[in-house]
Amino acid sequence: METYIALLRGINVSGKNKLPMAELRALAESLGYRSVKTYIQSGNLLFQYADVPATDLSNQLKDAIKGQFDYEVPVLTLSRNELERIVVANPFLVDATPEIKSLHVTLLDQLPDADLLAAIKAKDFGADQFEVVERSIYLHCSNGYGRTKLTNTFFERKLKVQATTRNWKTMLKVQEMSGAA
């Protein structure tokens, strides 16, 4: 059995795509997922399942949500090892320790196109910084995520990929929970 983390995008936001976590856990269990846990209402699902490609699990969960709740939710699934690599690779934690509330990570469903990424890197975002490591965009938003232009929608639009963003506190908590799964 492998431990996975499914990150759902755009649920329980402003009353849209309501998906109570108890119902999400029940749905996951109906798919054969084991040791199912959720963290906060924004769609962080941890579970154990056979060692299969994470994209297969993303599609399975996305289809099940569409079938049961009749709306589409982007789902990005990571193995526990992928999550560990993402947490360890944060370049903003190498030289200094910024306030945790200023750190976020945007996770992409595929590697970004080099030319599209270069176009974004050429722009000035003031005090906000980002670094790309494979399919992860690490953000340091010194004035807060609510004030940055480096939003999930920005990266999806500019890079033409699906993405989901989590604050660093959530990433650390999900990492901790995945180790106990």
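The model shown is predicted, which means the values in this text are computed figures rather than measured ones.
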Residues Leu57, Phe47; criterion side chain to side chain contact (heavy atoms under 4.5 Å, CB included); working and verdict: CA-CA 11 Å; Leu57 294 170; Phe47 59 93; 4.1 Å; yes
Derivation of the side chain to side chain contact (heavy atoms under 4.5 Å, CB included) call for Val161 and Phe155: CA-CA 8 Å; Val161 297; Phe155 286 114; over 6 Å; no
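Leu172 pairs by the side chain to side chain contact (heavy atoms under 4.5 Å, CB included) definition with Val87, Ile100, Trp168, Gln175, not counting sequence neighbours. For Glu29, the side chain to side chain donor-acceptor pair (under 3.5 Å) criterion is met by no residue, not counting sequence neighbours. In this structure, the side chain to side chain donor-acceptor pair (under 3.5 Å) partners of Thr38, at least two apart in sequence or on a different chain, are Arg25. Residues meeting the side chain to side chain contact (heavy atoms under 4.5 Å, CB included) test with Pro74, sequence neighbours left out: Arg9, Gln162. Taking the salt bridge (Lys or Arg N to Asp or Glu O under 4.0 Å) definition, one finds that Asp115 meets it with nothing, sequence neighbours left out. The side chain to side chain contact (heavy atoms under 4.5 Å, CB included) test applied to Lys101 returns Glu99, not counting sequence neighbours. Residues satisfying the salt bridge (Lys or Arg N to Asp or Glu O under 4.0 Å) criterion with Lys173, sequence neighbours excluded, are Glu176. Arg147 pairs by the side chain to side chain donor-acceptor pair (under 3.5 Å) definition with nothing, not counting sequence neighbours. Thr170 meets the side chain to side chain contact (heavy atoms under 4.5 Å, CB included) test with Tyr39, Ile40, Asn44, Arg166, Asn167, Val174; sequence neighbours excluded.
One distance of note links CG of Asp51 with OG1 of Thr3; it measures 10.5 Å at 0.5 Å rounding. A distance of 8.5 Å separates CG of Leu103 from SG of Cys141, quoted to the nearest 0.5 Å. Note that NZ of Lys158 is 14.0 Å distant from CG of Asp113, once rounded to the nearest 0.5 Å.
Taking hydrophobic clusters as Ile, Leu, Val, Met, Phe, Trp and Tyr residues chained together by side-chain heavy-atom distances below 4.5 Å, Leu76 shares a cluster with Met177. Follow the hydrophobic side-chain contacts under 4.5 Å out from Leu19 and you reach Val36 in the same cluster. Under the 4.5 Å side-chain contact rule for hydrophobic residues, Leu31 and Leu24 share a cluster. Tracing side-chain contacts under 4.5 Å through hydrophobic residues (I, L, V, M, F, W, Y), one reaches Tyr71 starting from Leu8; they form part of the same cluster. When hydrophobic clusters are built by joining Ile, Leu, Val, Met, Phe, Trp and Tyr residues whose side-chain heavy atoms come closer than 4.5 Å, directly or via intermediates, Leu107 is grouped together with Leu46.
Residues Gln48 and Ser35 share a closest heavy-atom pair of OE1-OG, 3.5 Å. Ser178 and Arg80 make their closest contact through O-NH1, 3.0 Å (heavy atoms, listed as atom of the first residue, atom of the second, distance). Across all their heavy atoms, Phe154 and Ile120 have their closest contact at CE2-CG2, 3.9 Å. Nearest heavy-atom pair, Leu139 versus Tyr145, reported as atom, atom and distance to 0.1 Å: CD1-CE1, 3.8 Å.
Each of Val52, Leu78, Leu83 was evaluated against Tyr4; a single residue qualifies, Val52, per the side-chain contact (heavy atoms from CB on, under 4.5 Å) test. Put simply, the residue from Leu7, Leu61, Leu27 that forms a side-chain contact (heavy atoms from CB on, under 4.5 Å) with Leu45 is Leu61. Screening Asn152, Thr165, Ile137, Leu150 against His104 for a side-chain contact (heavy atoms from CB on, under 4.5 Å) leaves a single residue, Thr165.
Hydrophobic cluster of Val88: no remaining members, since no ILVMFWY side chain lies below 4.5 Å from it.
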Taking only distance into account, with no hydrogens and no angle test, what donor-acceptor pairs under 3.5 Å do side-chain atoms of residues 127-136 form with protein atoms, sequence neighbours excluded?
residue : atom : partner : partner atom : Å
Asp128  : OD2  : Thr148  : OG1          : 2.7
Arg135  : NH1  : Leu108  : O            : 3.2
Arg135  : NH1  : Asp109  : O            : 3.2

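By the neighbour-count criterion of 12 heavy atoms within 6.0 Å, atom CZ of Arg34 is sparsely surrounded, having that number or fewer from other residues, nucleotides or ligands.
Judged purely by atom type and a 3.5 angstrom limit, Glu23 has no side-chain atom pairing as donor or acceptor with the backbone of Pro20.
For the pair Ile11/Ile65, no side-chain contact is recorded, criterion being any heavy-atom separation below 4.5 Å from C-beta on.
Applying the side chain to side chain donor-acceptor pair (under 3.5 Å) test to residues at least two apart or on different chains, the pairs with a partner in residues 60-70 are Tyr33-Gln60.
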